[in-house]
Amino acid sequence: MIDGERQSTKSESIQAILGRIPLASVERIEFIRESVAGVDMRGQTRVVNVVLREGNEAQTTVNAGFEYLPGNGRVTPSGSISRNWEFGDTRLTLGANFDQNAAPLLRTERLENSVGALIETRDERTSRLRTAPRFNASINTRFADESRLSLSFAGGWTDSATRDRSIVNDPLGGLSRIELFNSQGDDTSWEGTLTYERPLSESLSGQLVLLNRDDASESADEFIFAPAGGGGSTTFFNSIVDSGERAVRATLTWERNEQNSIEFGLETAINYRDNGLQISRDTGLGPVAVPLPVANTRVEEERSEVFASHVWRPNSDVTVESGFRLERSTIAQTGDAQRERSFDYPKPSINLTWDASENTQWTFGLERDVSQLSFGQFASEVSPTDNQVQIGNPELVPQKTWRASAAWERRWGEDGTVSISLIHERAEDVSDLRPITVVVDDTTTPVTTDTFDAPGNIGDGERTILQLEAGIPLDNLGLSNSRLNVTTMLRDSQVTDPTTGQTRRFQGNEDWRLILDFRQNLPEQDLAWGFFFYTQGDEDVFRYDQSYLFTTKQPVLDFFVESTAIEGVTLSVYVGDFLPQVRERERTFYTGSRIDNIVSAREIQEQDLGGFISFRARSTF
């Protein structure tokens, strides 16, 4: 939060918003560890509030830099500029930023049969250039009656060009074919929000939030399949996607007394996505349309939610926050698929915070969560480089999860902390991929059908997460002004596979993760340095007749150095992926479905992420 107000924008990250605030404009940073009257916790147990100074002079913050990519020798620029003004009780911010990405992807592949004999090898390279300018503006003002009005705007566009080149050789090293994928895309997006807060009495206040967001993207792709012996084909993909959201949220907060505060509210929104995909193939005789089910469709959702929450402080050591939300959603799909459905979802929650001592806190929670659907999953998509088709599913429903949690936190010294949390989830309608059989030709007798993978719901599942977080000052080890942040996670999940009927873990859920984040300030040298370390277990994805196993061979290790030797300027050097970053993907093909467990081939892909070195300068004046 900034000055006690949550940021309503959905198109900008909190990091980008905070990056536009000069350090000299910050009066203090509050770390709120329990529900407090007048603070919008939104069910979170911890919230950070940045309190700004009053009466700041106009300031400009400039970031400029470039990134060197050893994988292709490219140098790409990036930068941002923002200007802040204060006119009495009004604060105005204007900003712009520019980002360019040309990071290459290098891959090698081996395709082997079921007994390990080589079928073919691939040497693949992806070249890309992504350019993304964005603009933002915000105005915040406070009136004489203590009401506040905030307006914000963010918008921009992205131009991207991608070229995939794959040279395929036979087992003896002879050229078998060349595959090329060229993509040209343009995306535009903009978002505007209005937030108005007004005290209605000493204990009663109201808030109104309006949001409008629009996104549009177009892409023209071609996939060239060129066998060494001649022939081949070119497949064209033309896609147009429009999406957006209109939302209104009204909240009434009653701070009855020091022990009780109550909040009531209503939110209503309209979300939509219009998806168009045209596919054609030319084998030398001219383009011929390629039909794809659920490729051209529109999905629209009308959603309303009423909610209420109560914060109760029976004594100075205990805080109880209870809440209830009721969501009503109607989803209508038109075009290639015709479907309309309505859902009602109750979402109760309760959280208890107990300060067992000055330095020890316990937190317990129970809630029912309903996930938000991704409208892109209602439409079909194609990955020509992987020869993979995913069908849109008009029957998709949100995943519902009961989540119970318990956490213990201990603080020591000035800024040492350690916390252990245990979370157990019971999920209904787990979101995953499932096989769907569709009619691809209704002119035959009987009709011709085919089975595809589609986003869907695969039944109930359970997941348990054990997480440890620690912030450790290292002054006692001789590293003055240094801190090591540690995050480690263990996870176990179980769900029934829709194809085999066997128990497996959730798709894309690694079993463990470890993150180390270190920083040391050296004020006498006007320097700071540190590193970031990340490693995790493998992940998998299951399809009807294929399975994927993703493994990272080396941990992520990044280093940085910062210097403030030049007054008013911060210079930084960042070395990313210091260790060779090779990510392996093992793709297993089955004869028929996976239920028979008859392996026909395996594809082992190794992808080199290449690394990067960035140089940045930041100044506020």
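Taking CZ from Phe589 and OG from Ser547, the interatomic distance works out to 9.5 Å, rounded to the nearest 0.5 Å. Atoms OG and CZ, on Ser309 and Arg325 in that order, are 7.5 Å from each other to the nearest 0.5 Å. Atom OG1 of residue Thr488 and atom CG of residue Leu490 lie 5.5 Å apart, to the nearest 0.5 angstrom.
At least one donor-acceptor pair under 3.5 Å links the side chain of Ser380 to the backbone N or O of Gly392. A donor-acceptor pair under 3.5 Å is absent between the side-chain atoms of Gln494 and the main chain of Gly461, judged by distance alone. Formation of a donor-acceptor pair under 3.5 Å by the Arg491 side chain with backbone atoms of Glu510 is found in this model. A donor-acceptor contact shorter than 3.5 Å links the side chain of Asn101 to the backbone of Ala103. Not one N or O on the side chain of Thr499 forms a donor-acceptor pair closer than 3.5 Å with the backbone of Arg594. Side-chain atoms of Thr401 never come within 3.5 Å of backbone atoms of Arg403 as a donor-acceptor pair (strictly under, hydrogens ignored). Remark: the backbone N or O of Gly459 is not paired with any side-chain donor or acceptor of Asn457 at under 3.5 angstrom.
Residues Thr162 and Ser183 have side chains that never bring a donor and an acceptor to within less than 3.5 angstrom of each other. Between the side chains of Arg273 and Asn275, a donor-acceptor pair is found at a separation under 3.5 Å. Checking Thr195 against Gln207 by side-chain atom types alone, no donor-acceptor pair falls below 3.5 Å. Side-chain contact, Asn296 with Gln278: a donor N or O sits under 3.5 Å from an acceptor N or O. Under 3.5 Å, the side chains of Arg281 and Thr235 contain a donor-acceptor pair of N or O atoms. Side-chain contact, Thr449 with Thr437: no donor N or O sits under 3.5 Å from an acceptor N or O. Side-chain contact check for Tyr544 and Gln546: no donor-acceptor pair (N or O, by modelled atom type) lies under 3.5 Å. Between Thr353 and Thr319, the side chains place no donor N or O within less than 3.5 Å of an acceptor N or O (distance only, hydrogens not considered).
Between Thr444 and Pro446 the shortest side-chain heavy-atom distance does not fall below 4.5 Å. Between Val582 and Thr552 the shortest side-chain heavy-atom distance does not fall below 4.5 Å. Glu245 places none of its side-chain heavy atoms less than 4.5 Å from the side chain of Ile270. Contact of the Glu109 side chain with the Glu124 side chain is registered, since non-hydrogen atoms from C-beta on lie closer than 4.5 Å. Put simply, the side chain of Ile279 does not reach to within 4.5 Å of the side chain of Phe236, judged on heavy atoms. Within the 4.5 Å cutoff, the side chain of Thr253 has no heavy atoms near those of the Phe264 side chain. Within the 4.5 Å cutoff, side-chain heavy atoms of Glu179 are placed close to those of Arg122. Contact of the Phe542 side chain with the Pro498 side chain is not registered, since no non-hydrogen atoms from C-beta on lie closer than 4.5 Å.
At most 12 non-hydrogen atoms from other residues, nucleotides or ligands lie less than 6.0 angstrom from CZ of Arg426. Around atom CH2 of Trp402, more than 12 heavy atoms belonging to other residues, nucleotides or ligands sit under 6.0 Å away.
Sorted by first then second residue, the salt bridge (Lys or Arg N to Asp or Glu O under 4.0 Å) pairs that include residues 290-299, not counting sequence neighbours, are Asp274-Arg298, Arg298-Glu300. Residue pairs meeting the side chain to side chain donor-acceptor pair (under 3.5 Å) criterion with at least one partner in residues 337-347, sequence neighbours excluded, are Glu305-Lys347, Glu327-Lys347, Arg328-Asp344, Thr330-Ser342, Arg339-Glu395.
Partners of Thr297 by side chain to side chain donor-acceptor pair (under 3.5 Å), not counting sequence neighbours, listed by chain and number: Gln333. For Asp545, there are no salt bridge (charged side-chain N to carboxylate O under 4.0 Å, His left out) partners at least two apart in sequence or on another chain. When the side chain to side chain donor-acceptor pair (under 3.5 Å) test is applied to Gln388, the partners found at least two apart in sequence or on another chain are Tyr548, Arg587. Scored by the side chain to side chain donor-acceptor pair (under 3.5 Å) test, Tyr272 finds Asp214 as partners (sequence neighbours excluded).
When all heavy atoms of Pro455 and Asn393 are compared, the closest pair comes out as O-ND2, 2.8 Å. Listed here is the closest heavy atom pair of Ala161 and Gln184: CB-OE1, 3.6 Å. Closest non-hydrogen pair, Val599 versus Ser114, comes out as O-CB, 3.1 Å. Annotation for Gly508 and Glu539: closest pair O-OE1, 3.3 Å, computed over non-hydrogen atoms. Nearest heavy atom pair, residue Phe364 against residue Ala406, reads CD2-CB, 3.8 Å. Minimum interatomic distance between Asp336 and Leu292 (heavy atoms only, all atoms of both residues): OD2-O, 4.2 Å.
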Assess the residue pair Gln502 and Asp497 against the criterion (side-chain hydrogen bond (donor to acceptor under 3.5 Å, both in side chains)); give the C-alpha distance rounded to whole Å, side-chain angles, the decisive distance to 0.1 Å, and a yes or no.
CA-CA 5 Å; Gln502 298 178 346; Asp497 188 280; over 6 Å; no
Does the pair Trp157 and Asp186 meet the rule for a side chain to side chain contact (heavy atoms under 4.5 Å, CB included), with working shown?
CA-CA 7 Å; Trp157 65 90; Asp186 299 293; over 6 Å; no
Steps toward salt bridge (Lys or Arg N to Asp or Glu O under 4.0 Å) verdict (Arg134, Asp99)
CA-CA 9 Å; Arg134 290 188 62 82; Asp99 180 66; over 6 Å; no
Run the salt bridge (Lys or Arg N to Asp or Glu O under 4.0 Å) test on Arg213 and Asp215 for me, step by step, so that the C-alpha distance in whole Å, both residues' side-chain angles and the decisive distance to 0.1 Å come before the verdict.
CA-CA 7 Å; Arg213 177 181 56 82; Asp215 303 288; 2.4 Å; yes
Yes or no on side chain to side chain contact (heavy atoms under 4.5 Å, CB included) for Ile331 and Leu373, after CA distance, side-chain angles and deciding distance?
CA-CA 10 Å; Ile331 299 177; Leu373 291 173; 3.6 Å; yes
Side chain to side chain contact (heavy atoms under 4.5 Å, CB included) between Thr535 and Trp512, worked out:
CA-CA 9 Å; Thr535 185; Trp512 61 272; 3.6 Å; yes
Audit row: Arg583, Phe550, side chain to side chain contact (heavy atoms under 4.5 Å, CB included) steps and yes/no:
CA-CA 7 Å; Arg583 184 171 173 85; Phe550 298 91; 3.5 Å; yes
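Salt-bridge check for Glu425 with Arg368: failed, with every basic side-chain N at 4.0 Å or more from each acidic carboxylate O. Salt bridge annotation for Asp432-Arg504: present, with a cationic side-chain nitrogen under 4.0 angstrom from a carboxylate oxygen. Electrostatic pairing of Asp538 and Arg505 counts as a salt bridge here, judged by a charged N lying under 4.0 Å from a carboxylate O. Between Glu112 and Arg602, no side-chain nitrogen of the basic residue sits less than 4.0 Å from a carboxylate oxygen of the acidic one, so the salt-bridge criterion is not met.
Taking the six-membered ring for Trp and thresholds of 30 and 60 degrees, Tyr534 and Phe532 have nearly parallel ring planes, at less than 30 degrees apart.
Of the residues Arg585, Arg110, Lys553, the one that meets the salt bridge (Lys or Arg N to Asp or Glu O under 4.0 Å) test with Glu606 is Lys553.
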